[in-house]
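Note that the structure is predicted; figures quoted are calculated from it, not measured. The chains referred to below are lettered A, B, ... by the order of the sequence lines, with proteins before strands, and numbering in each begins at 1.
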Amino acid sequence: MNPLEYLPLTPPGFQVLLALADGDKHGYAILKEVETRTAGKVRLSTGTLYAIIRRLVTDGLIEEVASRVHDDDERRRYYRLADFGRKVAVAEAERMADLVASARHKRLIRKPRIV
Amino acid sequence: MTRRPRADRFYARLLRLLPFDFQREYGADMATVFRDERRAAERVGGSMTRSKLWWRTIVGILAVAPREHAEGIRRDLRLALRSCLRQPVTAAIAVLTLGLAIGATTAIFTVVYGVLLRPFPYPDVHRILLLNEVNERDGTNLSVAYPNFRDWTAQATSFQHLGIYRQSNVNLTGRDPAERVSAATVSAAVFRTMGVLPVLGRTFSADEDRAGAAPAVIISERLWQGRLGGDSAILGQRLLLNGIAHTIVGVMPAAMRFPSRLTDAWLPFGLIEGQLPASRGAHPNLWVVGRLRAGVSVEETRAELDAIADRLSATHPESNAANGIRAVPYVEQVVANIRPVLLLLFAAVGLVLVIACVNLTSLQLARADARRHEMAVRASLGAGRGRLIRQMLLDSLVLSIAGSALGLGLAYAAVRLLVRAARPTLPRIDQIQVDGAVLGFTAAVAVGAAIAVGLLPALRASRSSLQAAVREGSKGAGGTSRPRLRTGLVVVEVALAMMVLVGAGLAIRSAQALLRIDAGFDPTDVISGRIDLPASRYPSDDAWIGFHVELERRLSLLPRVEGAGLTSALPLGGSASESGILPEGRPLPGPGDTMTGATFYAVSPSYFGAVGTRIVAGRTFTARDTAGTPLVAVVDERLARAFWPGERAIGRRVAFEMEGGGEQGPIRPIWREVVGVVETVRHYGLTVESPRVQIYTPVTQLALWFRQRRPSMALVLRTSAPAEAVMADVRRAVADLDRDIPVHSIVPVRDFLDGQTASARLTRSLMTLFGALALALAVIGVYGVMTHAVGRRTQEFGIRLALGASSLSVFSLVARHALWLLAGGLVLGSAGSLALVRFAPRVFVDVEPADPATFVAVAAILALVIAVASAVPARRAVRVDPLAALRHE
């Protein structure tokens with residue numbers, strides 16, 4: 001499978017992959033991570049989130065991990081970024097980096113932002 | 001367990017918008033996540049935060065749900081397509097079956113829609129009535145006496161407008177070549193009644209209804225754009241009609257197709273108003289059309305007209321004693337004859353469609369049985385019942401969409417063929433086309449067929465799923481399916497096929513009866529045409545008669561013409577002049593006495609020979625019968641039988657006209673001596689047996705009536721040469737006599753006859769086609785169910801044979817099953833047919849609707865066909881190898 005076939009990702013889809021990049025998470029954790037990381041600029045709804053999850057699972061970009069017991073004793077489903085999903089996410093990030101580089105070259109943005 | 005907060009319950013309800021398997025997969029998780037979000041929002045507090053959460057959540061679900069549903073359907077469609085392609089032959093048969101049935105149904109619907117349902121171009125067309133007088137003694141229609149019309153107008157309150165018109169044809173000259181134009185002389189109210197506005201100029205005014213009106217003409221858009229070249233300055237120009245200059249005052253749009261769709265010129269009523277007979281006994285070919293006031297019903301109007309007719313009968317008994325007023329909605333008049341035929345065809349084709357659907361249902365049931373295992377596995381893997389039903393329905397939808405596409409193509413071709421075949425008989429034929437309404441119909445049929453075909457198998461497959469099928473394992477194929485359902489379906493199919501076949505049988509018998517009718521002439525190799533001598537050019541009787549005598553002489557001399565004659569009314573032409581008739585020796589009738597009705601004609605000496613009407617006794621006219629010799633006549637056999645039964649008619653005298661009266665002395669009959677008897681000719685139509693006897697007068701001794709109202713004469717030529725070649729000679733012969741007289745309405749007389757049988761022959765062909773389709777489908781159904789049944793009982797047969805049963809006894813088991821199908825089908829089918837043929841008398845001529853011969857023949861055909869369809873499975877049953885069958889166990 002060629003990761004490039006999956007590009008470009010939808011922005012929310014990419015956000016979910018990013019959220020899983022540093023560890024397995026359950027649904028609510030993904031929502032929170034996206035919200036915090038984007039300083040509240042991106043908020044996914046449950047419907048959107050699970051439609052994305054279904055799609056990503058079907059395509060093999062993420063996978064469900066054996067459920068663990070959460071703090072409050074409820075069973076939750078955890079998801080992990082699959083190896084293939086990681087490749088796709090990297091490809092997407094590079095695609096975006098190239099785009100940003102082009103924009104900079106055209107002086108749309110002045111200089112790299114330093115975080 | 002504690003109750004969940006209301007918000008969470010609402011969210012759970014919201015989740016139901018999602019596809020079922022989506023809910024099952026993620027629903028619980030989503031609810032948990034939502035609960036966490038809600039709690040977080042409540043912790044942070046602020047109604048703003050909470051409303052934002054709700055907004056985001058609801059919009060999210062609403063956006064995701066349709067996408068997910070569509071995705072699921074796409075997936076199932078792919079599955080359905082794949083499952084069809086796995087059994088390409090079965091799928092092809094299914095698509096072909098449906099395609100034929102849907103194609104036929106769509107084609108007939110297209111005709112039904114165009115002729116019966118498509119709106120007319122007149123506003124509130126249901127308020128338009130056609131009116132005429134009717135002789136209440138024999139029910140014959142009469143045109144309207146002008147004084148009566150004036151009384152109707154004065155007395156009737158039901159009508160908003162009441163117009164009077166006469167259809168005629170006029171010679172258009174002054175622009176070569178001379179041409180015959182279909183015209184109508186109409187009162188101003190006719191346009192208002194129809195409610196059509198001119199595209200150019202004006203309609204007539206009430207002043208133009210009265211004698212003395214200036215010669216004006218309103219032309220059709222067709223004449224304007226065609227012959228007159230679409231000249232934008234056409235208004236005010238003059239047209240030479242019958243030699244008189246008429247000023248063009250208006251142009252009517254194509255939507256105005258009244259009195260006929262061929263009408264190209266409308267003339268003001270004032271041009272003839274002054275010449276109309278003042279007598280109420282004269283019915284000078286005037287007809288009436290009226291627009292009802294809003295809210296007035298046809299029944300109320302008829303009651304009012306009856307009262308008016310009664311009053312006129314009382315005040316004018318000598319002319320109106322027996323006359324009533326007939327009022328028929330315009331729409332009825334246009335489609336009345338054709339409606340039962342079309343409805344019969346539509347019913348037949350609908351039955352064929354139902355048979356096709358039943359067949360496919362049976363097929364899908366078999367497939368569903370074969371797929372029970374698959375379904376069960378899918379169900380156990382978590383596919384919901386709704387999902388399984390959807391899957392099966394999509395399966396049949398795929399078939400029916402493919403079938404409809406095929407059907408639509410077939411229908412498109414079939415409609416063009418149909419229109420060509422039905423041109424002479426079908427009203428509103430130009431309204432027939434495959435358009436949005438037809439496409440909508442086909443789409444509805446496709447979906448309907450998909451549901452009809454798929455629902456039963458879907459329900460069965462999904463219901464029986466889990467336990468049964470899994471337990472049964474992969475043995476699956478039809479193991480536990482009850483064949484009773486499929487047998488029942490096939491019985492229904494046989495019954496429906498019988499109904500269609502009975503209809504086809506009746507159509508065949510009826511057409512045969514029609515074609516056997518002896519119309520009293522021989523249409524083979526006879527061509528006819530018409531000429532009209534305008535009174536303005538031939539004012540005297542001598543000039544008029546001289547023209548026709550000379551014309552007959554010249555026509556007879558034309559090469560390749562074996563006989564030529566002239567007549568005032570062609571056989572089957574639908575018109576004739578009518579009068580009472582009296583044999584010499586009987587007292588003159590007084591007022592109110594009824595006389596024998598007669599139709600009379602003016603013919604030339606060679607006419608009977610040319611048209612092939614047999615002379616039974618005496619002679620035809622000769623050149624020696626002239627204006628100066630005693631008046632003679634030729635009568636038909638029925639007249640001779642009616643007046644002088646068993647006696648010689650030749651030499652007797654009859655009178656159908658009177659002269660004198662008033663200042664001219666006492667009323668005297670105009671006696672004519674009978675010199676010949678000919679066979680009776682059907683003038684009004686092939687199936688119309690007019691109660692009137694027939695009398696012919698020589699052109700040289702014109703009847704009084706014809707001297708006052710010169711008839712348009714028809715030429716009749718007997719020739720085996722092609723019509724075009726001969727007619728060129730005929731045109732030249734006429735032009736040599738008078739170059740301003742066009743020969744028009746040139747038709748092989750055969751076409752008259754064919755025109756009258758066309759509807760019956762078309763009905764016969766279509767019904768035969770539908771019958772064959774129904775039969776073929778029924779055979780497939782019978783074969784399928786018999787094969788299935790034998791397959792199921794293979795082991796049983798094997799055991800029986802192993803235990804020593806004879807092949808004959810096994811054969812009889814199968815035969816018994818087939819007999820049940822036949823018997824059930826025949827009983828149901830006979831009942832259905834009897835119910836259906838109650839509508840038949842209006843479609844079929846000369847055939848008893850419950851015609852025993854037809855029923856017996858149809859039953860025999862079905863028996864034969866079912867026997868053939870069962871023979872193969874029966875053979876297989878007899879040849880079961882007991883050992884093989886038992887090993888299978």
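- The CD1 atom of B:Ile61 sits 11.5 Å away from atom OH of A:Tyr50, with the distance rounded to the nearest 0.5 Å.
- A side-chain donor from one of A:Thr46 and B:Tyr11 sits under 3.5 Å from a side-chain acceptor of the other.
- Chain A forms more heavy-atom pairs under 4.5 Å with one residue of B:Leu18, B:Leu15, B:Val33 than with any other, namely B:Val33.
- We find that A:Arg76 and B:Asp36 are joined by a salt bridge, their nearest charged nitrogen and carboxylate oxygen being less than 4.0 Å apart.
- Salt bridge annotation for A:Arg55-B:Glu71: present, with a cationic side-chain nitrogen under 4.0 angstrom from a carboxylate oxygen.
- If you take CG on A:Leu49 and CZ on B:Phe34, they are separated by 14.0 Å, rounding to the nearest 0.5 Å.
- Note that CG of B:Asp29 is 7.5 Å distant from CD of A:Glu64, once rounded to the nearest 0.5 Å.
- Closest approach of A:Ser45 to B:Arg56, counting heavy atoms only: CB-O, 3.4 Å.
- When heavy atoms are compared at a cutoff of 4.5 Å, B:Glu37 approaches chain A by way of both its backbone and its side chain.
- Only the backbone of A:Leu44 comes within contact range of chain B, with at least one heavy atom under 4.5 Å from a heavy atom of that chain.
- Taken to the nearest 0.5 Å, the OG1 atom of A:Thr48 stands 7.5 Å off from the CZ atom of B:Arg67.
- The NZ atom of B:Lys52 sits 6.5 Å away from the CZ atom of A:Arg43 when rounded to the nearest 0.5 Å.
- Proximity to chain A (any heavy atom under 4.5 Å) is restricted, for B:Val64, to the side chain, taken from C-beta onward.
- Listed here is the closest heavy atom pair of A:Tyr28 and B:Ala40: OH-CB, 3.3 Å.
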